[in-house]
Amino acid sequence: MEKLQAVRGMNDVLPADSSKWEFFEATVTRVARQYGYRNMRAPIVEYTPLFVRSIGEVTDIVEKEMYSFEDKLNGEKLTLRPELTAGLVRAAVEANLTYNGPVRIYTLGEVFRHERPQKGRYRQFNQFDVECFGFDGPDVDAEIMILTARIWRELGIDDVRLEINSLGGLDERAAYRAKLIAHYEANLPALDDEAKRRLHTNPMRILDSKVASVIEVNQTAPVLLDSLQDESRAHFEGLQQLLREANVPFIVNPRIVRGMDYYNRTAFEFVTDRFGSPLTVCGGGRYDGLFEQLGGKPTPAIGFGMGVERVLMMLDDSTPVATLDAYIVHAGEAAQKKASALAETLRDAGLAVAQHGGGGSFKSQMKKADVSGARYALVIGDNEVAVGTVAVKPLRDGNGAAIQGEQAIITSSAVAAHLRA
RNA sequence: GCGGCCGUAGCUCAGCGGUAGAGUCCUGGAUUGUGAUUCCAGUUGUCGCGGGUUCGAACCCCGUCGGUCGCCCCA
């Protein structure tokens, strides 16, 4: 039989790794709720034009990274979502979600991009996503960055830095684009093929080039921030002021561009240097025009996506905390019945109790009890059944470290109280 | 999508033309119904997959799949 394998770039989360995922999900969910954000979920599959129209036709994501396909049953053109914002905005427009005023939402889910997989870059990956619909900022701009800073603290991550930029409005960006193209055309010989190719499709990407001659030309290139008009400038300065007041450190990086066309004004990234070259673990920005672009009413908005796998790479592989209160060791038919009944009683009392399955010697069962991480082993054998008692043996100390403990013989009705004491 | 490196036991890896190995894990025993450690014994496998060269291939060659690093891009 041919061995099957997972689709390239799409990974399993095995039980050994899942506690990290659960820790992350619990943390971000808790923090988002603390700021008054509510959960919302959109489908994984959307009609292809949604992404083409929102992300932009000439972006890398749309041009060469989307999982697009035709539904064989009805010929519809569908796409696995390459990001979360578009679907959420589509849903918000459809449900007229901002009818009663602005809303703050968060979501957590899989996204798909057909790239060559690498560490921290997968074809199916997960994002934690926060969106604010109907706020024109800059207060919510600062709020989502403050919220994110809190997430880093709660996750125990201290080596990410916040970089912010303003992309201006559409008209400002168009004016800047023209200036930029003029600058590069005046320095055409210094551009490499890659830069030349982008000159008229996405010139702002050239600012990110790592080619020496291009870097030199970029030194004298016009800066987008200089092209901002009063309103955008005030917005950007307001954001910086709020971040300072909240003691969230940041740097202004005029070269932040973002990969999706719908961004305007505020753009930001949280970046880490832990893995050699800079790695963006969270990125987002304002997209004030997107609702209208997707057929909704004018609705200012801002949001970000956080790469879950990338953040998880930054978390320690700390040994999972003991989650089981007790592990029941038993031998014989009568003992098994007692064990099952006791387990259910303890679960009724809110305790986490695993019952040994599959038989085996007391010794092997005790080994399983130890490996399970349970705080106590509960032993029921012929002797205990005969007199209606349970042997309770502590397996670890308050810190979860293994200990050699003496067992207590107590009546089965007193077990729950004993475990709690 | 392009280039470099790498795929051997569940895991970490050695072996690099001549009978597939170590540590760990797992199972049993020392321990008379009871988990660490220690000691003893035992099981790990189409050497990623397919083809070729050779008397003989885990080892050399080609292809392919997967991983990884750099580029590109991004979370």
Side-chain angles (χ1 to χ4, degrees), chain A residues 1-11 14 16 55 59-65 82-85 109-129 148 160 192-195 197-198 202 205 208-211 256-260 269-272 275-284 303-314 327-332 335 356 360-385 391-397 401-407 409:
Chain A
M1 198 62 138
E2 198 187 340
K3 204 192 265 183
L4 295 170
Q5 56 185 330
V7 175
R8 171 126 117 138
M10 305 200 181
N11 302 308
L14 301 174
I55 296 170
T59 57
D60 279 29
I61 291 177
V62 169
E63 275 182 337
K64 50 190 194 191
E65 295 174 2
E83 56 107 32
L84 296 174
T85 303
E110 305 79 3
V111 296
F112 302 82
R113 292 184 201 171
H114 192 111
E115 298 180 90
R116 180 137 171 197
Q118 250 172 60
K119 191 176 182 184
R121 192 177 75 184
Y122 308 107
R123 290 185 172 179
Q124 174 181 316
F125 60 101
N126 286 263
Q127 287 190 342
F128 168 63
D129 214 62
T148 307
V160 285
D192 64 324
D193 290 344
E194 189 64 33
R197 187 180 69 78
R198 286 179 174 150
N202 209 338
R205 284 257 161 245
D208 251 340
S209 174
K210 280 151 191 158
V211 178
I256 289 182
V257 177
R258 314 287 315 138
M260 285 149 252
E269 293 183 357
F270 283 88
V271 182
T272 181
F275 306 102
S277 51
L279 184 73
T280 300
V281 291
C282 176
F304 69 75
M306 184 182 289
V308 179
E309 284 82 354
R310 288 184 178 181
V311 174
L312 259 38
M313 291 195 313
M314 302 185 72
Y327 188 101
I328 305 188
V329 168
H330 55 90
H356 182 81
S361 66
F362 272 98
K363 185 186 179 74
S364 64
Q365 291 195 40
M366 283 303 295
K367 278 190 181 174
K368 296 289 185 193
D370 188 35
V371 173
S372 78
R375 291 163 50 228
Y376 290 93
L378 307 181
V379 183
I380 304 178
D382 295 337
N383 301 344
E384 285 79 6
V385 171
V392 179
K393 183 171 181 134
L395 299 176
R396 47 206 72 241
D397 64 19
I403 55 166
Q404 193 81 40
E406 285 296 311
Q407 63 187 10
I409 308 293

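Per chain, numbering begins at 1; letters A, B, ... match sequence-line order.
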Quickly work out the [X] [atom1] to [N] [atom2] distance and round it to whole Å.
| X | N | atom1 | atom2 | answer |
| --- | --- | --- | --- | --- |
| Q118(A) | G3(B) | CD | C1' | 12 Å |
| D397(A) | A36(B) | CG | P | 17 Å |
| E406(A) | G35(B) | CD | P | 12 Å |
| F275(A) | G70(B) | CZ | P | 12 Å |
| E115(A) | G67(B) | CD | P | 13 Å |
| E110(A) | A75(B) | CD | P | 17 Å |
| K363(A) | U37(B) | NZ | C1' | 11 Å |
| R121(A) | C72(B) | CZ | P | 11 Å |

Mate of [N] where both pairing distances stay under 3.5 Å, Watson-Crick or G-U:
| N | answer |
| --- | --- |
| A57(B) | none |
| G50(B) | C62(B) |
| G1(B) | C71(B) |
| A30(B) | U38(B) |

What nucleic acid atoms does [X] come within less than 4.0 Å of, heavy atoms only: base, sugar-phosphate, or nothing?
| X | value |
| --- | --- |
| E65(A) | sugar-phosphate |
| E384(A) | base |
| G332(A) | nothing |
| Q407(A) | base |
| F304(A) | nothing |
| V379(A) | base |
| N383(A) | base |
| K393(A) | base |
| S364(A) | sugar-phosphate |
| A402(A) | base |
| G381(A) | base |
| I380(A) | base |

Rounded to whole angstrom, note down the [atom1] distance from [N] over to [M].
| N | M | atom1 | answer |
| --- | --- | --- | --- |
| C6(B) | C13(B) | P | 14 Å |
| C11(B) | C69(B) | C1' | 23 Å |
| U46(B) | A9(B) | P | 8 Å |
| U43(B) | G21(B) | P | 11 Å |
| G4(B) | A75(B) | P | 29 Å |
| G45(B) | C49(B) | P | 14 Å |
| A57(B) | C16(B) | C1' | 11 Å |
| G67(B) | C26(B) | C1' | 27 Å |

Would a 4.5 Å heavy-atom cut-off, applied to side chains only, mark [X] and [Y] as touching?
| X | Y | value |
| --- | --- | --- |
| R121(A) | R310(A) | yes |
| V308(A) | F125(A) | no |
| K368(A) | V329(A) | no |

- Message: Quick check: on RNA chain B, is the nucleotide nearest Q5(A) upstream (toward 5') of the one nearest F270(A), or the reverse? Name the residue that is more 5'.
- Response: Q5(A)

- Given RNA chain B, 5'-ward residue of the pair K119(A) and G283(A), judged by closest heavy atom: K119(A)

- Task: Would you sort out whether N11(A) and Q124(A) count as a side chain to side chain donor-acceptor pair (under 3.5 Å), showing the intermediate values?
- Result: CA-CA 7 Å; N11(A) 302 308; Q124(A) 174 181 316; over 6 Å; no

Let me confirm one number: the [atom1]-[atom2] distance from [X] to [Y], rounded to the nearest 0.5 Å.
| X | Y | atom1 | atom2 | answer |
| --- | --- | --- | --- | --- |
| R113(A) | I61(A) | CZ | CD1 | 4.0 Å |
| L84(A) | Q127(A) | CG | CD | 5.0 Å |
| H114(A) | K64(A) | NE2 | NZ | 12.0 Å |

- Could you tell me whether the phosphate oxygens of G67(B), OP1 or OP2, come under 4.0 Å of any side-chain nitrogen or oxygen in R8(A)? yes

- Item | Distance-only donor-acceptor test (3.5 Å): side chain R116(A), base C71(B) | no

- Note on the structure: Between Q365(A) and I328(A), the two heavy atoms sitting closest are OE1-O, 4.4 Å

Residue [X], side-chain heavy atoms: nucleotide from [options] that is nearest:
| X | options | value |
| --- | --- | --- |
| H114(A) | G33(B), G1(B), U34(B) | G1(B) |
| R396(A) | G35(B), A75(B), G33(B) | G35(B) |
| D60(A) | G35(B), A75(B), C72(B) | C72(B) |

